[in-house]
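Everything on this sheet refers to the single structure shown next.
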Amino acid sequence: MKFSVTNLGCKVNAFETESIADMLEKAGYERSDDASGNDISIIFTCAVTNTAAAKSRQMIHRAKRNNPDGILVVAGCYAQIDPEALESADILVGSTNKMKIPEYIGDYLEKHQKIRGDSDLKNAGFEPMTVDRFTHQTRAYLRIQDGCNQFCSYCIIPYARGRERSMTPDMAVQEAVRLSRSHKEIVLTGIHTGRYGREYGVTLAQLMKRILKEAPELERLRISSIEITELDDEFVSLMKEEKRIARHLHIPLQAGSDRILELMRRPYDTDGYYARMEEIRNAVDDLSVSCDLMTGFPSETDQEHRDALAFAEKCRFSFMHVFPYSAREGTPAADMAEQIDPRIKKQRASECLALSERLYDAYKDTWVNREAEVICETVRNGCTRGYTSQYLPVQIAGEETPGTLLKVRLSERRGHMMYGKKEEL
């Protein structure tokens, strides 16, 4: 039987999607990249914004239309928080028991009765999903943490994912070592990755040190995202001494106004954020820093929006992920007064995105005529593209094997792409 998998969410979803696909292939199912005409359609949903939820619903309707006689499996955050809206699914799995999806498919094939997986998050443990190899990409993801205890006022994810929990250190190292045999780069990911291992008395830095020691074949270890409050001296010292840790940190900001940060229930102010970021930059050479920035939070003024733009420019981010605020029912921010007009949110987001592009190009320009190590990812039309440790996109002439680590002389930026020439390692 043929199946397709679709991921509509974050890097955690991407990992879980590949894990389920891996399990099904081992069970004898055939994976298809074409989402239509399959016996089984599996969709991993997202609920972080209203737009993400709408895309999830649209994809579910499309799968049902394209595969009216097929089995529709819907999983993930949106399935967790609003299962009634997804009643058309044959198999519905929230944020727990995803590993049972192959078993649920077998049960459905036998009994032809709808299945609703247990969605109780109160006592949810860490679900130790694994992947042998990411066959569609050179970069591997490893989910080492799940859940969040922070409860920012705008965020639905703690309700959709439950409380913090982590993969055991031994298993995390074991999985990283296994992935390193087929991937030059591994991205450690989670809902709140920086809080990894607290139930085991282990820090993220300690885990990374073990991985790098026990996986000598690994060329690059990257963190998907980490809070400024979790970048402690232990972590920074490890980055300084271990060059295989990617020189890129994605540090969520969310707002450039202290008043808005307080309303968001973020655990820092702008002065603290900037001071710590500069300390880290001074300690770690050639560091690229990106962030998340939300626009149009309830009661945000025009001046506070301008302050956010000025603060982002002061921080010299290499790029920003920009999100217009999206009210999520069940979160405190959804009930706040002075919700911002959608047209204003859209305009503010557009201005933030324009700044992000300008900052990214300016950062790339600082790398012209410099050497960088590039891990090749895709080959097309006689050229190879990949990313540097700083997450700069680079194109070089010639066809190189995906996954190969190259030393490249970056010669110029054209548009948003860096161009370079291979040099001998």
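In this text the structure is predicted, and so the values were computed from the model without any measurement.
Of the listed residues (Ser224, Ser318, Ser225, Ser290), just one forms a side chain to side chain donor-acceptor pair (under 3.5 Å) with His250, and that residue is Ser290.
Across Leu309 and Leu355, no two heavy atoms sit closer than the pair O-CD2, 3.5 Å. Nearest approach of Gly398 to Thr384, heavy atoms of both residues: O-OG1, 2.7 Å.
Put simply, the side chain of Met59 reaches to within 4.5 Å of the side chain of Thr6, judged on heavy atoms.
Taking the six-membered ring wherever Trp is involved, the centroid distance between the rings of His248 and Phe319 falls below 6.0 Å. In this structure, Tyr360 has its ring center at least 6.0 angstrom away from the ring center of Phe317. Residues Tyr141 and Phe15 place their aromatic rings such that the two centres sit no closer than 6.0 Å.
Using a 4.0 Å cut-off between a side-chain N of Lys or Arg and a carboxylate O of Asp or Glu, Arg244 and Glu219 do not qualify as a salt bridge. Between Asp341 and Arg343 there is a salt bridge, since at least one side-chain N of the basic residue sits less than 4.0 Å from a carboxylate O of the acidic one. A salt bridge links Arg413 with Asp365: the distance from a Lys NZ or Arg NE/NH1/NH2 to an Asp or Glu carboxylate oxygen falls below 4.0 Å. Using a cutoff of 4.0 Å between basic side-chain nitrogens and carboxylate oxygens, Glu185 and Arg222 are scored as salt-bridged. Using a 4.0 Å cut-off between charged side-chain N and carboxylate O, Arg370 and Asp286 make a salt bridge. Salt-bridge formation is not detected for the pair Arg165/Glu127: no Lys NZ or Arg NE/NH1/NH2 atom is positioned less than 4.0 Å from an Asp or Glu carboxylate oxygen. Salt-bridge annotation for Glu423 and Lys407: absent, with no side-chain N of the basic residue lying under 4.0 Å from a carboxylate O of the acidic one. Here Glu400 pairs with Lys422 in a salt bridge; the nearest charged N to carboxylate O distance falls below 4.0 Å. Ionic pairing of Arg116 and Glu87 is present here: one or more N-O contacts between side-chain nitrogen and carboxylate oxygen are shorter than 4.0 angstrom. The existence of a salt bridge linking Glu227 and Arg266 is confirmed by a sub-4.0 Å separation between a basic side-chain nitrogen and an acidic carboxylate oxygen.
Scanning for ring pair (Phe, Tyr, Trp, His ring centres under 6.0 Å) contacts around Tyr268 gives Tyr273, with sequence neighbours left out.
Using modelled atom types, no side-chain atom of Arg139 and backbone atom of Glu377 make a donor-acceptor pair closer than 3.5 Å.
By the 6.0 Å and 45° rule, Arg265 does not stack over the aromatic ring of Phe151. In this structure, Arg358 forms no cation-pi arrangement with Tyr363, as its terminal cationic atom is not both closer than 6.0 Å to the ring centre and no more than 45° off the ring axis.
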